[in-house]
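Being a predicted model, the structure only gives us computed values, none of them experimental. Hydrogens, waters and symmetry mates play no part in the numbers below; they use all other heavy atoms, side chains included.
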Amino acid sequence: MIYKVLSILGYLGVVFFLGYKGYKQTKSSQDYLLAGREMNAFVMALSYGATFISTSAIIGFGGAAALFGFPLLWLTFLNIVVGILVAMVFFGRRTRVMGLALDAHTFPEFLGRRFNSIFIQKFSALIIFLFIPLYAAAVLIGICRMLEVSFAQSLGISYEMWLVLVTGLVALYVITGGLKAVMYTDAFQGCIMAGMMIFLIVFTYSKLGGVISAHQTLTDMVNLVPAKLKAGGLIGWTQGAKFGTPIWLVIYTTIIYGVGIGVLAQPQLALRYMTVPSDRELHRAVLVGGVFILLMTGVAFTVGALSNAVFYKKFGQISIAMAKGNIDKIIPLYIEKIMPHWFSGLFLIAMFAAAMSTLSSQYHVGGTSLGRDIVEGSTLSTKTSFKTSQIGVFLTVAAALLWAWILPGSVIARATAFFFGLCAASFLPSYFLGLYWKRMTPLGAKCSLVGGFIFSMFWLLFIHLKEAKAIGLCKLLFGKVTLVAGATKGSWIWLLQWVDPNVVALPVSFLLAIGVSLFTVPDKSVVEKAFKYFTS
């Protein structure tokens, strides 16, 4: 226990030193909101990756991989191709250049200035401020579950107390230091995370006799797949799920598609593009970011799936049985019961790093959405004060803590996928078309933004089983769990209960954006200003 405490104290010492450095270098609103637009490629890439990949990916989705197996590696593929390559090359450069032309400091302000619309700025900011605490709560739950398991025998601190302690630590340097503090600490934390994940994958394969032996062992465990998962369509942890079954729909529409595409419209990630001084930094960041994402998600999902074989070999139980049904505890249990004792302390630091890097960015973007965009955005002014943004950060922190306190178990992956999908349906059409299509109009952007959000929420509340059942509004209004619950079992209508909202809401949002824009006229002066630094 001593080495864990000393490791954490040493880690926190470095984090707060970097936070203090960021605080001392924060002299203006541009420093607080955009790190002075002067970050180098390495820091930006690691900050982007550390913000993108958190305990929700490693612990939440790692636990989901223990449940569903290797098909989740398709999400790693999308994370690299879409989340890094497409994001940096096709979104990053144009966002940076257009953001400079529009003098935008936040993602909602970027959209608002692109379409000269206070409504777009405020509505976008409201979505972020209201729902990013749910995503932050998923990350917070991940690290606190890790701490709960790690110190269960020695300290006996409850999960709820860990929530309060971790929240206080992260809030301290985000509120004071702004984005410079966030990005400095992100880069440091990203290095720690990469080192830990390399050792984790090497050790796991060695426990099972190498790569081929490990995969064959897991394949041969097909008869141990729980009956409930088999009934839902899962064939095996290496074989995947039967096409069109409820579990296949959960894996491919919610986890892989929802998160893999939703990353393009994440406000806390889009903000990173505007922190570098030139396109060169973005191009250099592709390689660093791609390798980092491969180490983070590829290792987490592989180890998550293989944990079934390791646990069964040592304890005679598969992962979900070891965790007593809570997939959010699978990776923490694996670290404590399988990995060397010295590693558990270092991995705990890595999870601290993963959580704090993402939480700091979530708190920052939630707070500035309230302070910069909602409170002070009525005139699309370039002026802002630290105080309103800091108050916004404090409120975002409080909301995330409340969500983490009341959410049930096995919720990390689901909450993350929900926020990614909501962002895609609400923001992606206006964001993408605004970057490339001069015919995109303010009314088209407004209809896409509002329509995508409403359709996504409707599907969530009345069609998608997990959320509709938990919230209970559909049951209250219509007397059934979902609107399609009464359809013939196995029919395509009945299966809609497992189709992610983003599968339907995102195409609707794109159709609204394009359709309305074709019948309305863009503001030429706004278009000229937005595209003034582009040659084509």
Side-chain angles (χ1 to χ4, degrees), residues 19 22-23 25-39 44 47-48 51 95-96 99-100 102-114 117-136 139 167 170-186 265-276 356-400 419 423 426-427 431:
Y23 166 74
Q25 293 180 5
T26 299
K27 306 297 183 182
S28 66
S29 61
Q30 182 163 275
D31 289 337
Y32 191 86
L33 298 169
L34 286 178
R37 298 187 192 268
E38 59 186 18
M39 281 295 167
M44 194 283 282
S47 177
Y48 182 96
T51 300
T95 301
R96 187 193 71 80
L100 194 62
L102 297 170
D103 193 27
H105 295 75
T106 66
F107 183 72
E109 187 174 65
F110 177 89
L111 293 179
R113 288 177 182 270
R114 168 61 183 88
S117 171
I118 294 171
F119 172 81
I120 289 176
Q121 181 180 358
K122 286 183 175 290
F123 193 79
S124 300
L126 187 63
I127 292 174
I128 295 167
F129 177 70
L130 289 178
F131 292 99
I132 205 167
L134 184 61
Y135 177 26
V139 177
T167 296
V170 182
L172 185 61
Y173 74 84
V174 180
I175 291 174
T176 57
L179 193 58
K180 281 194 174 184
V182 169
M183 293 187 74
Y184 285 145
T185 53
D186 282 353
Q266 289 297 293
Q268 71 276 18
L269 298 181
L271 196 65
R272 295 310 189 263
Y273 309 142
M274 296 189 278
T275 64
V276 294
M356 293 180 76
S357 59
T358 303
L359 285 170
S360 60
S361 298
Q362 292 165 330
Y363 293 158
H364 180 269
V365 78
T368 54
S369 292
L370 178 66
R372 172 77 176 185
D373 298 302
I374 297 175
V375 175
E376 297 185 345
S378 58
T379 61
L380 294 176
S381 170
T382 59
K383 296 181 179 180
T384 189
S385 69
F386 295 145
K387 183 170 289 186
T388 52
S389 291
Q390 289 173 332
I391 292 171
V393 171
F394 175 79
L395 293 175
T396 304
V397 169
F419 183 74
C423 285
S426 301
F427 304 140
Y431 180 33

For Asp103 and Arg113, which heavy atoms make the closest approach, and how far apart are they? O-NE, 3.7 Å
Quick check: closest heavy atoms across Thr396 and Gly366, and the distance to 0.1 Å? OG1-C, 3.3 Å
Once rounded to the nearest 0.5 Å, what's the spacing between atom OG1 of Thr368 and atom NE2 of His105? 11.5 Å
Side-chain contact, heavy-atom cut-off 4.5 Å: Phe427 with Ile128? yes
Nearest 0.5 angstrom please: Ile127 CD1 to Lys122 NZ, how far? 14.0 Å
Taking every heavy atom of Ala104 against every heavy atom of Phe110, the minimum-distance pair comes out as CB-CA, 3.6 Å
Please name the pair of heavy atoms, one in Ala125 and one in Ser369, separated by the smallest distance, quoted to 0.1 Å. CB-O, 3.4 Å
Identify the heavy atoms of Phe419 and Phe131 that sit nearest to each other, and give their distance. CD1-O, 3.5 Å
Please round to the nearest 0.5 Å and tell me the distance separating atom CG of Leu111 and atom CZ of Phe123. 12.5 Å
Would you find a donor on one side and an acceptor on the other, under 3.5 Å apart, between the side chain of Ser124 and the backbone of Gln121? no
Partners passing side chain to side chain contact (heavy atoms under 4.5 Å, CB included) against Leu126 (at least two apart in sequence or in another chain): Leu130, Ile374
Under the side chain to side chain contact (heavy atoms under 4.5 Å, CB included) test, residues paired with Leu395 that sit two or more places apart: Phe129, Leu370, Ile391
Using side-chain hydrogen bond (donor to acceptor under 3.5 Å, both in side chains) as the criterion, list what pairs up with Thr95, not counting sequence neighbours. Tyr431
